[in-house]
J.: 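A single structure is presented below for examination.
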Amino acid sequence: MPTLRLRITGSEDDARAISNLLLSLDGIEHVEEVDDLMPHLDDDDSSSAGLSDDEGPGTHELEVEAGNDFTAQKVRDAVQELALELDVFVEFEEDEG
């Protein structure tokens, strides 16, 4: 069963819209927002030290289990189309499971 990981660069509403789209597709076994496990720490010497993190779009990570390769391709196609409409950036990573 293919597992896709999506990194969405956009607002909470954008991530929710993509998640809702995924849940509406036939053949999707599971959709879950997962935390980014990489710490994002400011260096004390960094030019961005102390700046607010809420100035730009956030990133959201979704994990999607598709029933088969056809459904996984349907996920990629549908998400790419919605991302264009929402003007957000989506990256895909896939594990063959």
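Values in this document were obtained by computation on a predicted structure and should not be read as measured data.
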J.: Give the table of side-chain donor-acceptor pairs shorter than 3.5 Å for residues 23-32, with sequence neighbours excluded, one pair per line with atom names and distance.
T.:
{"unit_1": "Ser24", "atom_1": "OG", "unit_2": "Leu21", "atom_2": "O", "d": "2.7"}
{"unit_1": "His30", "atom_1": "NE2", "unit_2": "Glu32", "atom_2": "OE1", "d": "3.0"}

J.: Counting only pairs under 3.5 Å, give me each side-chain donor-acceptor contact of residues 77-87, with atom names and distances, residues two or more places apart or in other chains.
T.:
{"unit_1": "Asp77", "atom_1": "OD1", "unit_2": "Gln73", "atom_2": "NE2", "d": "2.8"}

J.: Ala72 and Ala66: which non-hydrogen atoms are nearest, and at how many Å?
T.: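 Closest heavy-atom pair between Ala72 and Ala66: N-CB, 3.8 Å.
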
J.: Does Thr71 have any side chain to side chain donor-acceptor pair (under 3.5 Å) partners at least two apart in sequence or in another chain, and if so, which?
T.: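 Partners of Thr71 by the side chain to side chain donor-acceptor pair (under 3.5 Å) criterion, ordered by chain and then number, come out as Asn68.
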
J.: Applying a strict under-4.5 Å side-chain criterion to I, L, V, M, F, W and Y, I'd like to know whether Ile18 and Phe89 cluster together.
T.: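 No, it is not one cluster - the side chains of Ile18 and Phe89 are not joined through contacts under 4.5 Å.
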
J.: May I have all residue pairs that pass salt bridge (Lys or Arg N to Asp or Glu O under 4.0 Å) and include part of residues 13-23, sequence neighbours excluded?
T.: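 Salt bridge (Lys or Arg N to Asp or Glu O under 4.0 Å) check on residues 13-23 returns Asp13-Arg16.
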
J.: Report yes or no: do Val75 and Phe70 belong to one cluster of Ile/Leu/Val/Met/Phe/Trp/Tyr joined by side chain heavy-atom distances under 4.5 Å?
T.: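 Unlinked, Val75 and Phe70 end up in two clusters.
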
J.: Which heavy-atom pair separates Val88 from Thr9 by the least distance, and what is that distance?
T.: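 Heavy atoms of Val88 and Thr9 come nearest at CB-O, 3.5 Å.
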
J.: From Thr3 OG1 over to Glu93 CD, what is the distance, rounded to the nearest 0.5 angstrom?
T.: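 Output value for this atom pair is 10.5 Å.
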
J.: Rounded to the nearest 0.5 Å, what separation is found between the CD atom of Glu61 and the CD atom of Glu33?
T.: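 CD of Glu33 is found 9.0 Å from CD of Glu61.
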
J.: Can you name the salt bridge (charged side-chain N to carboxylate O under 4.0 Å, His left out) partners of Glu63, sequence neighbours left out?
T.: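 Checked Glu63 against salt bridge (charged side-chain N to carboxylate O under 4.0 Å, His left out); matches are Arg5.
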
